[in-house]
Amino acid sequence: MKPYTVPQNQIDYAVEYGEFMYQADSWSHPRRVVFKIEKPYGQMVHMYTFIVTTMDSAPYQVIQFYCGRGRMENFIKEGKSGFDFASVSSKSMLVNANRLQVHAMAYNLFNWFRRLVLPANMRKQQIDTIRLKLLKIAGRVVKSARYQYFKLCSSCPYKKEFYETLDNIHRLKPQLE
């Protein structure tokens with residue numbers, strides 16, 4: 001087993017990949033188990049990842065493959081729960097295909113919104129979380145003689161993120177023809 005370590009400071013962060021054969025009592029034969037042991041920055045405990053696989057690739061490549069697969073499953077889950085990709089409203093295939101295209105366009109617009117205007121600490125959150133934190137909040141629009149602004153309650157936990165998002169929207173320079 002050859003350890004793989006990240007070339008930065010070895011005390012703060014370390015990761016090791018490896019493999020071993022294992023046979024549970026209910027299994028008919030031993031199977032290959034690939035593992036990743038990681039010590040994140042600023043933490044005392046290690047994180048362990050174990051994958052039982054039949055892939056012949058190096059342990060690092062197996063872990064990367066399954067992480068990519070999990071990331072894609074998260075995208076699909078977000079599309080189903082946040083944008084209702086899973087529902088069909090008609091018996092007509094053409095109507096359902098058009099509906100899916102509208103949902104996909106909404107998903108893409110949301111991703112642009114996420115990249116361009118959301119605060120950095122919220123960019124990896126899913127649509128349901130962002131909806132809960134930024135859209136489903138109590139507030140009101142206050143109008144004065146010259147200005148119009150949002151007023152949120154004093155106990156709003158995501159007030160900073162809301163105003164930062166609003167400020168980022170105001171800074172956008174759309175290219176209108």
Side-chain angles (χ1 to χ4, degrees), residues 4 6-9 12-15 17 36-43 45-51 60-90 93-144 146-177:
Y4 172 81
V6 176
Q8 288 118 357
N9 184 344
D12 291 337
Y13 180 82
V15 62
Y17 297 90
K36 173 184 175 183
I37 302 173
E38 181 177 15
K39 185 208 166 286
Y41 291 107
Q43 291 188 16
V45 296
H46 291 73
M47 294 179 4
Y48 300 93
T49 304
F50 296 95
I51 297 174
Y60 172 78
Q61 293 172 327
V62 171
I63 297 286
Q64 293 302 313
F65 171 79
Y66 280 101
C67 286
R69 180 177 169 183
R71 194 175 309 116
M72 291 312 298
E73 288 180 11
N74 286 339
F75 290 146
I76 293 168
K77 182 173 78 172
E78 183 177 32
K80 284 182 172 182
S81 66
F83 295 95
D84 205 23
F85 280 10
S87 70
V88 290
S89 59
S90 174
M93 190 175 221
L94 183 63
V95 171
N96 291 331
N98 286 333
R99 180 182 169 120
L100 182 62
Q101 287 181 346
V102 169
H103 289 243
M105 186 167 53
Y107 181 79
N108 288 332
L109 286 172
F110 172 73
N111 278 327
W112 279 108
F113 173 78
R114 181 189 325 219
R115 290 178 184 176
L116 294 174
V117 300
L118 282 182
N121 63 338
M122 293 186 75
R123 289 188 186 140
K124 292 189 177 184
Q125 295 177 353
Q126 292 193 354
I127 180 66
D128 294 336
T129 308
I130 292 170
R131 228 185 247 141
L132 182 69
K133 290 180 177 180
L134 295 182
L135 300 178
K136 292 183 177 181
I137 55 175
R140 63 182 175 162
V141 177
V142 178
K143 294 180 184 179
S144 67
R146 293 185 180 170
Y147 300 106
Q148 183 173 310
Y149 57 94
F150 287 101
K151 187 163 181 145
L152 301 176
C153 67
S154 60
S155 63
C156 180
Y158 305 107
K159 186 186 290 190
K160 179 181 164 272
E161 287 85 356
F162 180 83
Y163 285 125
E164 188 176 343
T165 301
L166 202 58
D167 191 42
N168 289 342
I169 290 171
H170 286 291
R171 284 193 206 141
L172 286 177
K173 303 284 186 214
Q175 299 293 326
L176 301 175
E177 294 181 31

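Here, residue 1 is the first one in the sequence, and each next residue gets the next number.
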Novice: Going by heavy atoms in the side chains, are T49 and I63 under 4.5 Å from each other?
Specialist: yes
Novice: Can you check side chain to side chain contact (heavy atoms under 4.5 Å, CB included) on T165 and F113, steps first, answer last?
Specialist: CA-CA 10 Å; T165 301; F113 173 78; 3.9 Å; yes
Novice: Contact between L118 and L134 at the side-chain level, heavy atoms closer than 4.5 Å - yes or no?
Specialist: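 L118 vs L134: side chains touch.
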Novice: Check K159 against S154 and note the closest heavy-atom contact, atom names and distance.
Specialist: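 Closest pair (atom of K159, atom of S154, distance): NZ-CA, 3.5 Å.
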Novice: Return the set of residues passing side chain to side chain contact (heavy atoms under 4.5 Å, CB included) with L132 (not counting sequence neighbours), or none when no residue passes.
Specialist: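 Residues passing side chain to side chain contact (heavy atoms under 4.5 Å, CB included) with L132: none at all.
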Novice: Using every non-hydrogen atom in the two residues, find where E78 and Q126 come nearest and quote the distance to one decimal.
Specialist: OE2-CA, 3.3 Å
Novice: Would you check, one step at a time, whether the test side chain to side chain contact (heavy atoms under 4.5 Å, CB included) holds for E38 with Y13?
Specialist: CA-CA 8 Å; E38 181 177 15; Y13 180 82; 2.6 Å; yes
Novice: With a 4.5 Å heavy-atom cut-off, do E73 and R69 have their side chains touching?
Specialist: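 Contact flag for E73/R69 side chains = yes.
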Novice: Looking only at non-hydrogen atoms, find the nearest pair between R123 and R114 and report the distance.
Specialist: O-CD, 2.7 Å
Novice: Can you list the steps and then say if K39 with M47 is a side chain to side chain contact (heavy atoms under 4.5 Å, CB included)?
Specialist: CA-CA 6 Å; K39 185 208 166 286; M47 294 179 4; over 6 Å; no
Novice: Enter the distance from T129:OG1 to Y158:OH here, rounded to the nearest 0.5 Å.
Specialist: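 Between T129 OG1 and Y158 OH, I get 8.5 Å after rounding to 0.5 Å.
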Novice: Rounded to the nearest 0.5 Å, how far does CG of L166 lie from OH of Y149?
Specialist: 13.5 Å
Novice: Indicate the atoms forming the closest heavy-atom contact of S90 with V95, along with that distance.
Specialist: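 Shortest heavy-atom separation between S90 and V95 comes out as CB-CG1, 3.6 Å.
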Novice: Rounded at 0.5 Å granularity, tell me how far SG in C156 sits from NZ in K133.
Specialist: 11.5 Å
Novice: To the nearest 0.5 Å, what is the distance between CH2 (W112) and OH (Y107)?
Specialist: 13.5 Å
Novice: Mind listing the closest non-hydrogen atom pair of K151 and Y163 along with its distance?
Specialist: CA-OH, 4.0 Å
Novice: Taking side chain to side chain donor-acceptor pair (under 3.5 Å) as the test, write out the residues that go with R131, two or more places apart.
Specialist: D128
Novice: State which residues pass side chain to side chain donor-acceptor pair (under 3.5 Å) with N121; sequence neighbours excluded, sorted by chain then number.
Specialist: E161
Novice: Identify every side-chain donor-acceptor pair in residues 137-144 under 3.5 Å, counting partners at least two apart or on other chains, and give the distances.
Specialist:
from: S144; atom 1: OG; to: Y147; atom 2: N; distance (Å): 3.1
from: S144; atom 1: OG; to: Y147; atom 2: O; distance (Å): 3.2

Novice: Grab the two heavy atoms, one from Y17 and one from Q64, that are nearest each other, plus how far apart they are.
Specialist: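 Heavy atoms only, the tightest pair is OH-NE2, 4.0 Å.
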Novice: When rounded to the nearest 0.5 angstrom, what distance separates CZ in R71 from CD1 in I76?
Specialist: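 Between atom CZ of R71 and atom CD1 of I76 there are 13.0 Å.
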Novice: Tell me every residue that passes side chain to side chain donor-acceptor pair (under 3.5 Å) with N74, counting only those two or more places apart in sequence or in another chain.
Specialist: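 Listed in chain order: nothing, the list is empty.
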Novice: By side chain to side chain contact (heavy atoms under 4.5 Å, CB included), which residues pair with I37, not counting sequence neighbours?
Specialist: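 Per chain and number, I37 pairs via side chain to side chain contact (heavy atoms under 4.5 Å, CB included) with F35, H46, Y48.
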